[in-house]
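In what follows, a single structure is set out as structure tokens and then discussed.
Residue numbers begin at 1 in each chain, while the letters A, B, ... track the order of the sequences. Note that the structure is predicted; figures quoted are calculated from it, not measured.
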Amino acid sequence: MIAFDNVAYSYGGGELLSEVSLRLTPGSFHFLTGPSGSGKSTFLKLCYGELLPTVGTVTIFDREVHSLDRDEVARMRRRIGVVHQDCRFLDHLPLATNVTLPLTVTGRESNMQDLSDLMAWVGLSQLADALPPSLSGGERQRAAVARAIITSPDLLLADEPTGNLDWEMSLRLLKLLVELNRMGTTILVATHDLNLIRSAKQQVAARVLRISHRRIQLAGADL
Amino acid sequence: MTLRELLSEIATPDRQADRVVPPSGHTAWLTGFTAGTMAFLAVFALALSLAAGRLADRWGEALERTATIRISAPEEQMELQTQAVLDLLAATPGVASARALTDAEEHALLEPWFGSDLPLDTLPIPRLIELQEEGQGYDAQGLRQRLAAEAPGAILDDHLRWRQPLATAASRLRLLGTVSILLILASTAAMITLAANASLAANAQVIGVLRLVGARDIYIARAFVRRFTLRALAGAAAGTAAGLVAVMLLPSADAAGGVLTGLGFQGAGWLLPFLLPPVAAVTAFLATRAAAFRKLKELT
């Protein structure tokens, strides 16, 4: 699914990630943890081609990202759902339109029943016509999750998806991620919420990657 | 890109794609205003170019097939030399007709310069003979030699020295009009490119989101390109209409007015300004498309 071979990423003269070599196999469930500023978001951006490695190679869906042209990057991203920390919506469009955006840009019609079910599941049925700036942080995060999974992606990347959610909603989201994973979606969640990770490990064979000193290691079972 | 694809890209509305780009106030106004102003100016440049062309043709036709023989001789020899020249011309191949201008005609020619009370009888006015060419025309050099022999006071003026600078001036005017139209189109493209760049930069966040969810550059570009093309088309149509009204309000052509009152459209020429809006739209389409793809690479 995704392979990092001796990858390093530098920005502004400083190296943010070094000697990263790992593989995310199809159907796997990974958490990525580490202190703030350790490079979790950078790693996720390398996973969907928003950033390119300065050293080494990143291979996504068997294609080396450096070799992809812009159209190929776009097609690759259609197979990946991304939940950003800052959510990133089109603020002039209603929430439902934002959620269906991954379908819209590929010319696909959204099934109204599926959309309605999805909006209900993330608890946003009443806010389908609301504009994103009027939503709370938690509501935006749930909408971002809905947008990321509406296309049933092969890979789901989530950057602190529960950062603004209460514990109950976090568990609900986790349950959704576990269900998606059971249906075959590869999941990678960057989080510093150790309780969420412990809860997940009770439900699924999740592995934990930890970023420390610019390197990524497989964490022990003591989390 | 074929013409059909181009037209399809402009004419086929993709409401979803159009909606993903938020309405942009000042760039919309700027694009429409620029296209309108440039089309207004282009109407005048076109009118100038066409008028210069007509003028060149008119001067050319009026002077090209005629010549004048001026006879300056003592009064007692004037009639003799005039008749000798007319006889000579009658036998010259390439001359269709020749006739001596009457006193009244010569008086009319001089009247604008000396007034109507000119006492022609008291002045040594040369006799003028007007000749019309036919076929391949006459041999000017041979005619001059024969005139020198038959009528020493006769001088052939084949209008070449008048025709050449007039034709040159008219063709330069026509070129000036064409260059003006090209410059106007280039300026339109430059202004629309700037407006498109500003709009794309202002929507960097929108573009980032669209790329994130898998939108191809062509999808994002199309929303901008279509919007700018339609604005340019509407602005240019308004500018062209205003330009045509302004040209219609110009004084009509008359002989006394010369070049200035001849500035306008005639016959099928009135149809040419209607090409300006589509040309402006195509210019906007190409300019915005190039700007969009360039900017998209910069932004994401």
Counting only heavy atoms from other residues, nucleotides and ligands, does the tally under 6.0 Å from [atom1] of [X] exceed 12?
{"X": "A/Asp129", "atom1": "CG", "value": "no"}
{"X": "A/His192", "atom1": "NE2", "value": "no"}
{"X": "B/Arg172", "atom1": "CZ", "value": "no"}
{"X": "A/Arg63", "atom1": "CZ", "value": "yes"}

Notebook entry, point to check: So, does A/Arg77 use its side chain to make a donor-acceptor pair with the main chain of B/Arg211 at under 3.5 Å?
Noted result: yes

Checklist line | Pairs satisfying side-chain hydrogen bond (donor to acceptor under 3.5 Å, both in side chains), at least one member in residues 36-49 of chain A, at least two apart | finding: A/Ser41-A/Asp159, A/Tyr48-A/Glu50, A/Tyr48-A/His84

State, with a plain yes or no, whether a side-chain heavy atom of [X] is found less than 4.5 Å away from one of [Y].
{"X": "B/Gln205", "Y": "A/Leu90", "value": "no"}
{"X": "A/Phe89", "Y": "B/Val206", "value": "no"}
{"X": "B/Val213", "Y": "A/Arg147", "value": "yes"}
{"X": "A/Arg70", "Y": "B/Arg216", "value": "no"}

Could you list the donor-acceptor pairs under 3.5 angstrom formed by side chains in residues 275-282 of chain B, with sequence neighbours left out?
none

Next item on the list: Please name the residue in the list B/Leu210, B/Val209, B/Ile220 that meets the side-chain contact (heavy atoms from CB on, under 4.5 Å) test with A/Val105.
Entry: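 Exactly one candidate clears the test, B/Leu210.
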
Next item on the list: Taking all non-hydrogen atoms of both residues into account, name the closest pair between B/Ala215 and A/Ala74 and its distance.
Entry: O-CB, 3.7 Å

Next item on the list: Please round to the nearest 0.5 Å and tell me the distance separating atom OH of B/Tyr219 and atom OG1 of A/Thr104.
Entry: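 Rounded to the nearest 0.5 Å, the OH-OG1 separation comes out at 6.0 Å.
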
